[in-house]
Protein chains: 2
Amino acid sequence: MADPKKRFEAIIQKLRDNGHKLTPQRLAIVKILAKSEGHPSVESIHVRIKKEFSTMSLATVYRNIVLIKSLGEVLELGFPDGSNRYDGNNPEPHPHVICIKCKKIVDPDLDSLDEMKKEVAVETNFKILNHRLDFFGICGDCMAAKV
Amino acid sequence: MADPKKRFEAIIQKLRDNGHKLTPQRLAIVKILAKSEGHPSVESIHVRIKKEFSTMSLATVYRNIVLIKSLGEVLELGFPDGSNRYDGNNPEPHPHVICIKCKKIVDPDLDSLDEMKKEVAVETNFKILNHRLDFFGICGDCMAAKV
DNA sequence: TGTTAATTGAAAAGCATTATTATTTGATTG
DNA sequence: CAATCAAATAATAATGCTTTTCAATTAACA
């Protein structure tokens with residue numbers, strides 16, 4: 001996990017460099033994304049910031065995520081059920097392991113993926129630009145809790 | 001690729017076994033899913049069947065896909081942009097390679113995935129039940145066409 | 001054929017996301 | 001350290017895809 005403080009500064013700098021204003025709402029959103037603990041959803045970001053800014057609009061969360069996404073500083077994880085989660089701590093594509101019970105998301109280490117990418121490129125004659133790898137299952141905690 | 005005729009029969013049989021009626025609309029949908037050429041979308045299925053049944057409703061396509069999905073006979077591919085494509089020819093989870101230009105979807109052979117799954121299970125202490133692997137890029141045709 | 005419960009078409013409702021608009025505000029300049 | 005102005009915001013309306021509703025239809029089975 002990258003240092004949330006450094007990620008915060010990096011995203012802020014990117015916003016500055018591209019001529020965007022640093023509003024309190026925007027800073028609050030960036031702060032949460034920089035850490036991205038538990039891979040937050042739009043809704044969870046909104047709820048958390050509402051405690052501080054009671055007038056914070058959901059549209060503002062969406063707008064800022066679109067903006068930060070366009071700067072390549074957050075990874076959007078759209079799931080088959082239509083839900084979205086975000087990772088601004090590590091915005092590069094990387095595999096995820098998702099617990100279908102408690103919705104926990106874990107980042108595994110998998111270095112065999114690069115090799116696989118090359119293999120696929122050769123086999124299909126595609127120029128591979130991006131990828132997405134998710135494993136779905138039940139985490140140790142939920143297995144234990146089941147009894 | 002599985003034989004579309006056999007897949008058609010298999011899906012029909014599953015529907016029968018679970019006490020569902022075989023309406024002409026349903027049969028038309030199953031027929032397209034059994035082949036799943038190009039991994040059709042709800043919209044493309046609807047358009048194709050409308051030529052035969054002008055009154056075919058989009059809701060009917062959705063309803064039948066939900067049903068067939070619940071029987072495990074079609075794989076739903078929800079993409080990050082929110083679009084959905086279907087594969088009733090090979091309903092087991094398998095990797096896809098998607099062209100971001102022409103939306104073509106290709107199924108590559110990748111047998112190293114099983115090994116990866118075990119690796120992840122050990123590392124994260126999850127019981128892995130399912131997975132999803134997509135590569136995004138530009139296909140040979142679109143590369144050539146670009147000039 | 002008649003009966004019945006499942007299925008359908010058409011339209012309304014849901015729901016997440018995006019667009020609109022009047023207002024507010026951060027950043028720059030004099 | 002105001003004044004200015006483009007950008008950002010809050011609130012709300014609109015959009016687009018998917019699901020639900022419900023009366024009418026129809027496949028399945030006796």
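Residue numbers start from 1 in every chain, and the chains themselves are labelled A, B, ... in the order their sequence lines are given, proteins ahead of strands.
- For B/Thr60, a side-chain nitrogen or oxygen approaches OP1 or OP2 of C/dG9 to under 4.0 Å.
- Counting any heavy atom pair closer than 4.0 Å across all strands shown, B/Arg63 reaches a base atom.
- Note on ring orientation: taking the six-membered ring where Trp is involved, the planes of B/His96 and B/His39 are perpendicular (angle over 60°, cut-offs 30° and 60°).
- Between the C1' atom of D/dA27 and the CD1 atom of B/Ile12 lies a distance of 13 Å, rounded to the nearest Å.
- For the OP1/OP2 pair of C/dA6 and a distance below 4.0 Å, the side-chain nitrogens and oxygens of B/His20 include no atom meeting the criterion.
- B/Thr23 has no side-chain polar atom (N or O) that falls below the 4.0 Å cut-off from OP1 or OP2 of D/dA27.
- Atom NZ of B/Lys35 sits in a sparse spot, with 12 or fewer heavy atoms from other residues, nucleotides or ligands closer than 6.0 Å.
- When the P atom of D/dA8 is taken as reference, atom CD1 of A/Ile49 falls 16 Å away, rounded to whole Å.
- B/Asn64 and B/Arg26 share a donor-acceptor pair across their side chains, judged by distance under 3.5 Å alone.
- Protein atom CG of A/Leu22 is 15 Å distant from nucleotide atom C1' of D/dA6, rounded to whole Å.
- One interatomic measurement links the two molecules: CD1 of A/Ile29 to C1' of D/dA10, which rounds to 13 Å at whole-angstrom precision.
- Because its NZ or CZ atom is both nearer than 6.0 Å to the ring centre of A/Phe79 and within 45° of the ring axis, A/Arg132 counts as a cation-pi partner of that residue.
- With rounding to whole Å, B/Lys21 atom NZ is found 16 Å from C/dT3 atom P.
- One interatomic measurement links the two molecules: CG of A/Asn64 to P of D/dT9, which rounds to 5 Å at whole-angstrom precision.
- Proximity of A/Gln25 to the phosphate of C/dT25: no side-chain N or O atom is located under 4.0 Å from OP1 or OP2.
- For the pair A/Arg26 and C/dG26, the criterion of a side-chain N or O lying under 4.0 Å from OP1 or OP2 is not met.
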* Test side chain to side chain contact (heavy atoms under 4.5 Å, CB included) applied to A/Ile65 and A/Ile45, step by step -> CA-CA 10 Å; A/Ile65 285 180; A/Ile45 292 172; 4.1 Å; yes
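- Within the structure, every side-chain polar atom (N or O) of B/Ser57 is placed at least 4.0 Å from both OP1 and OP2 of C/dT8.
- Protein atom CG of B/Asn18 is 16 Å distant from nucleotide atom C1' of C/dA5, rounded to whole Å.
- DNA chain C is contacted by both A/Lys69 and B/Phe53; B/Phe53 maps to the nucleotide lying nearer its 5′ end (nearest heavy atom per residue).
- In this structure, CG of A/Leu58 is placed 16 Å from C1' of D/dA8, rounded to the nearest angstrom.
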